[in-house]
Amino acid sequence: MSFIARIVPAARTASVALKPTAAPSISIGATRALSSSACLNKGPVETTKDTLKAADRSVSDAAVKGIEVGETAAEKLKSSMGAASGQAQAKSGELQGEAAELAGKGQGKAAELAGKGQGKAEEAMGQAKGAASQAKGKTEEVLDEAKGKAKETAGQF
């Protein structure tokens, strides 16, 4: 109901008109227009929901297009690979041999570097232990010196 009209009842106006008065009165039924419409202002939650729905829809459409393009590309690749399948298998075997050779070399180099790293770590550990023992000796020396001075100071009083 976007438009509602309110009309004053005719009986009320007629009763006023039937009363004897000194001056003749004319009564006209008054109309008043009322209008009601849905609130068009959306809150932040509704606006955010609408935005996210639109974004979700566009992402979904793009994903579907991408899947379709991938399917057509896969079909074309399968059809072109049928002729070159024998050549590809031969090349694949050759590449597997080279890959195994390179992997063996890589493992040897990794083992060599791991040995070097372990040697360096042990060397650093030895140096750290030496520094720690030197620091301990120095600490004991300073402690003994402080005890001597404390005894000397206590003897003076």
Side-chain angles (χ1 to χ4, degrees), residues 1-9 12 28-157:
M1 283 193 271
S2 62
F3 181 77
I4 300 173
R6 182 172 171 222
I7 301 173
V8 177
R12 188 167 63 175
I28 300 174
T31 60
R32 180 181 290 171
L34 292 176
S35 142
S36 65
S37 60
C39 182
L40 296 178
N41 297 336
K42 293 183 179 180
V45 174
E46 289 83 16
T47 304
T48 305
K49 283 182 183 178
D50 291 344
T51 304
L52 290 175
K53 282 180 185 177
D56 182 48
R57 181 63 185 187
S58 63
V59 168
S60 298
D61 291 344
V64 168
K65 266 188 191 174
I67 290 170
E68 290 173 353
V69 168
E71 287 175 350
T72 57
E75 289 174 10
K76 288 180 182 178
L77 184 63
K78 284 179 185 177
S79 65
S80 67
M81 286 298 291
S85 178
Q87 294 174 352
Q89 286 179 351
K91 189 70 174 174
S92 172
E94 183 181 322
L95 290 175
Q96 283 179 348
E98 288 179 18
E101 182 182 339
L102 290 174
K105 285 182 182 178
Q107 287 177 348
K109 191 71 171 175
E112 179 184 340
L113 291 175
K116 283 184 182 179
Q118 189 174 9
K120 294 263 186 195
E122 289 175 2
E123 182 181 336
M125 184 65 99
Q127 287 178 352
K129 284 182 181 178
S133 65
Q134 284 180 352
K136 183 179 179 182
K138 189 76 169 174
T139 304
E140 288 175 355
E141 184 180 315
V142 170
L143 182 62
D144 289 341
E145 188 178 317
K147 284 181 181 178
K149 286 191 178 189
K151 286 181 182 178
E152 186 180 310
T153 306
Q156 288 179 358
F157 291 111

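As the structure is a computational prediction, the values presented were derived from the model and not from experiment.
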Worksheet item: Could you state the interatomic distance from OG1 (Thr51) to CG (Asp56), rounded to the nearest 0.5 Å?
Response: 12.5 Å
Response to the item:
In this structure, OG1 of Thr153 is separated from NZ of Lys151 (nearest 0.5 Å) by 12.5 Å
Response to the item:
Residue set satisfying side chain to side chain contact (heavy atoms under 4.5 Å, CB included) with Lys136, at least two apart, ordered chain then number -> Glu140
Discussion item. Check this for me: does any side-chain nitrogen of one of Lys65 and Asp61 sit under 4.0 Å from a carboxylate oxygen of the other?
Written reply: no
Worksheet, complete the sentence: Here the gap from Thr72 atom OG1 to Leu77 atom CG, rounded to the nearest 0.5 Å, amounts to 11.0 Å
Item to complete: Taking side chain to side chain contact (heavy atoms under 4.5 Å, CB included) as the test, write out the residues that go with Gln107, two or more places apart.
Response: none
Worksheet item: Are any of the side-chain heavy atoms of Ser133 and Lys129 separated by less than 4.5 Å?
Response: no
Worksheet item: Do the non-hydrogen side-chain atoms of Lys105 and Glu101 ever get within less than 4.5 Å of each other?
Response: yes
